[in-house]
Amino acid sequence: MSKDSLGPPHKLSRCWHHASCTACRTAASLLAVLLLLDGAMFSSSSPAPAPLEKVFQYIDLHQDESVQMLKEWVAIESDSVQPVPHFRQELFRMMAVAADMLQRLGAHVASVDMGSQQLPDGQSLPIPPVILAELGDDPTKATVCFYGHLDVQPADRADGWLTDPYMLTEVDGKLYGRGATDNKGPVLAWINAVSAFRALEQDLPVNIKFIIEGMEEAGSVALEELMEKEKDRFFSGVDYVVISDNLWISQRKPAVTYGTRGNSYFTVEVKCRDQDFHSGTFGGILHEPMADLVALLGSLVDSSGRILVPGIYDEVAPLTEEEINTYKAIDLDLEEYQNSSQVAKFLFDTKEEILMHLWRYPSLSIHGIEGAFDEPGAKTVIPGRVIGKFSIRLVPHMNVSEVEKQVTRHLEDVFSKRKSSNKMVVSMALGLHPWIANINSTQYIAAKRAIRTVFGTDPDMIRDGSTIPIAKMFQEIVHKRVVMIPLGAVDDGEHSQNEKINRWNYIEGTKVFAAFFFEMAQLHESPEPSSLM
């Protein structure tokens with residue numbers, strides 16, 4: 001997804017050396033200047049309070065150390081998706097490294113045993129521990145909890161990486177490596193922000209807590225049970241939760257995220273028998289399961305992207321004037337966005353329509369078919385049993401159980417009209433609710449002020465079209481207010497080949513977190529009326 005050509009370029013030659021190389025530091029500095037000047041988008045940053053100025057200076061002076069730490073973390077192959085002993089060992093090593101770093105900061109750290117994971121093949125693998133850490137217990141201060149994860153998606157040089165995915169490599173101010181933006185970079189940025197206050201012997205403006213896991217990419221195995229167990233203990237004193245596990249909508253302008261879509265994942269099985277048929281012997285005399293399945297999948301969505309399941313849009317939250325104005329204010333260059341996506345044409349022509357259909361309207365995607373012949377060559381079989389897979393991204397105020405009923409009813413109706421002798425079974429394999437926050441609440445006011453201090457501009461207020469279940473868990477299980485403060489740019493390529501985070505985003509994002517601590521402290525002392533909702 002990410003390309004060397006994306007983002008504001010500079011004229012220096014590329015360097016593939018150590019992150020502390022002088023040329024790389026110069027390139028990063030020039031990149032930051034160009035980013036600030038590009039299109040005259042940002043004004044000069046707001047003057048920071050004196051204590052923050054010292055923290056910012058410290059972060060700048062120690063940025064090479066911060067990059068080196070990220071390099072050491074990226075080198076740990078903490079892949080949670082591939083269930084093999086080597087990667088599980090690496091996950092345990094990653095969690096131990098993080099726990100040790102937090103302990104050296106003075107935090108009280110508990111590494112919670114999460115038991116083992118039973119796999120479909122009967123194999124059992126240990127689940128890496130979840131870190132629960134605390135720094136500060138002043139009852140007069142706000143307590144802010146940071147959630148992050150240190151596991152990554154699979155990565156291999158042969159998949160199309162230009163560099164070793166587990167060797168952080170800096171090119172033109174971009175730090176390439178698996179986990180650089182998702183999510184090791186943001187976790188380290190938060191730790192480095194705390195570390196700057198400690199190194200300068202400044203009192204932390206807020207109490208800090210951490211919950212850091214190692215199984216997010218594999219579905220946060222057993223995390224929900226832990227949150228239930230700890231809601232009246234570890235989480236009891238938490239005022240706000242910060243998540244930094246998504247991206248800006250722009251390559252240049254910072255953003256704050258206030259909503260994500262949910263997800264309902266379905267399978268629909270059509271079966272005649274367990275064995276395949278010879279198409280010469282049986283073709284033309286039976287109801288073919290594949291033909292039934294293609295008709296079923298084709299009945300779900302039209303060519304304009306509209307979902308055809310009756311009633312599916314009935315509970316979608318109504319569009320308000322305030323929301324429309326939010327979309328208008330967002331910085332999105334449609335031509336650039338389309339070019340970087342390598343898509344010939346989107347379904348919609350305006351920025352507002354694109355954003356609304358990414359964030360506030362449901363979408364249906366067809367993902368694949370099990371049981372069909374998909375290898376090269378011509379195999380003339382009729383599959384005896386096929387399974388189609390599709391999902392619906394849910395938005396406020398859609399209900400998972402109601403969507404399941406609507407989809408099942410629709411497919412049963414379509415199937416009955418085919419008068420097929422085959423058997424059809426619809427199953428919902430996953431049901432995750434959407435999440436949305438109040439952008440006028442305290443944590444969002446603090447995030448916007450922190451970004452204004454560091455970047456000199458108000459952030460884009462964005463939603464995320466994907467699903468981040470942990471946000472809903474914090475709201476519904478531990479009853480805490482959540483803010484999402486992404487650090488990475490839209491072209492970072494999370495989950496993709498050549499994943500990266502810009503040095504500029506990483507270092508300036510560390511400052512945003514430091515400023516966020518300060519702003520949370522100020523608002524906690526004198527809360528604004530609008531923040532009490």
Side-chain angles (χ1 to χ4, degrees), residues 1-38 41-42 45 55-75 148 161-193 195-196 244 247-248 250-255 451 454-456 485-494 496 498-515:
M1 289 175 65
S2 59
K3 296 181 178 179
D4 289 349
S5 60
L6 294 179
H10 60 69
K11 300 299 184 183
L12 296 179
S13 60
R14 293 180 180 175
C15 173
W16 297 79
H17 303 150
H18 190 276
S20 62
C21 154
T22 302
C24 286
R25 290 200 307 272
T26 305
S29 299
L30 184 53
L31 177 64
V33 172
L34 288 171
L35 281 163
L36 288 169
L37 294 178
D38 186 26
M41 181 174 293
F42 298 161
S45 58
V55 171
F56 290 176
Q57 289 170 11
Y58 181 91
I59 292 168
D60 280 331
L61 288 171
H62 293 81
Q63 64 172 285
D64 288 342
E65 294 171 32
S66 298
V67 172
Q68 179 61 26
M69 280 189 281
L70 182 57
K71 183 175 185 178
E72 291 169 6
W73 280 26
V74 165
W161 281 77
L162 299 177
T163 63
D164 181 342
Y166 294 108
M167 174 67 72
L168 192 73
T169 305
E170 183 161 4
V171 184
D172 294 347
K174 299 172 183 176
L175 306 170
Y176 290 93
R178 176 58 91 216
T181 198
D182 183 18
N183 185 228
K184 294 180 180 181
V187 173
L188 264 176
W190 184 274
I191 293 174
N192 291 339
S195 180
S244 184
L247 303 174
W248 300 348
S250 167
Q251 293 182 32
R252 297 168 297 275
K253 190 178 180 185
I451 286 171
V454 175
F455 292 105
I485 309 176
L487 299 190
V490 69
D491 64 332
D492 275 359
E494 56 182 354
S496 186
N498 306 311
E499 177 186 346
K500 60 87 177 169
I501 191 169
N502 299 328
R503 177 188 276 250
W504 181 72
N505 289 70
Y506 178 42
I507 300 305
E508 298 306 298
T510 304
K511 295 177 188 176
V512 166
F513 286 148

Can you name the closest pair of heavy atoms from F56 and A515 and give their distance? CZ-CB, 4.2 Å
In Å and rounded to the nearest 0.5 Å, what is the CD to NZ distance from Q57 to K511? 9.5 Å
Would you give the length of the straight line joining atom NZ of K184 to atom CG of L70, rounded to the nearest 0.5 angstrom? 8.5 Å
Considering all heavy atoms, the nearest A514-A193 contact: N-CB, 3.9 Å
Under a 4.5 Å cut-off applied to non-hydrogen side-chain atoms, are W190 and S244 in contact? no
Smallest separation among heavy atoms of W248 and P254, with atom names: CE2-CA, 3.3 Å
Please lay out, stage by stage, how N192 and F513 fare under the test side-chain contact (heavy atoms from CB on, under 4.5 Å). CA-CA 9 Å; N192 291 339; F513 286 148; over 6 Å; no
CD of E494 to CZ of R178, rounded to nearest 0.5 Å, is 10.0 Å
Would you say Q251's side chain and A489's backbone share a donor-acceptor pair under 3.5 angstrom? no
If you measure from CD1 on I507 to CD on Q63, what distance do you get to the nearest 0.5 Å? 5.0 Å
Point-to-point distance, once rounded to the nearest 0.5 Å, from CE of M69 to OG of S195: 6.5 Å
Considering non-hydrogen atoms only, spot the tightest contact between L168 and A180 and give its length. CD1-CB, 4.3 Å
Taking atom OG1 of T510 and atom NE2 of H62, what is their separation to the nearest 0.5 Å? 13.0 Å
Any donor-acceptor pair under 3.5 Å linking the side chain of Y506 with the backbone of S66? yes
Compare every heavy atom of V74 with every heavy atom of Y166, then report the nearest pair and how far apart it is. CD2-O, 3.3 Å
For G148 and N183, the nearest pair of non-hydrogen atoms, with its separation, is CA-OD1, 3.3 Å
CA sep, side-chain torsions, deciding dist, call: N502, K500, side-chain hydrogen bond (donor to acceptor under 3.5 Å, both in side chains): CA-CA 7 Å; N502 299 328; K500 60 87 177 169; 2.8 Å; yes
Can you find a heavy atom in the side chain of K253 that is under 4.5 Å from one in the side chain of F455? no
Taking E508 as the fixed residue, which of I451, D60, L487 is the one that meets the side-chain contact (heavy atoms from CB on, under 4.5 Å) rule? D60
Could you go through N505 and D492, starting from their C-alpha distance and side-chain angles, then the distance that decides it, and tell me whether this counts as side-chain contact (heavy atoms from CB on, under 4.5 Å)? CA-CA 10 Å; N505 289 70; D492 275 359; 5.7 Å; no
Backbone N/O of M167 and side chain of T169: donor-acceptor pair under 3.5 Å: yes
Counting only N and O atoms by type, is there a donor-acceptor contact under 3.5 Å from the side chain of N498 to the main-chain atoms of G493? no
Please step through salt bridge (charged side-chain N to carboxylate O under 4.0 Å, His left out) for the pair R503 and D64, ending with a clear verdict. CA-CA 10 Å; R503 177 188 276 250; D64 288 342; 2.9 Å; yes
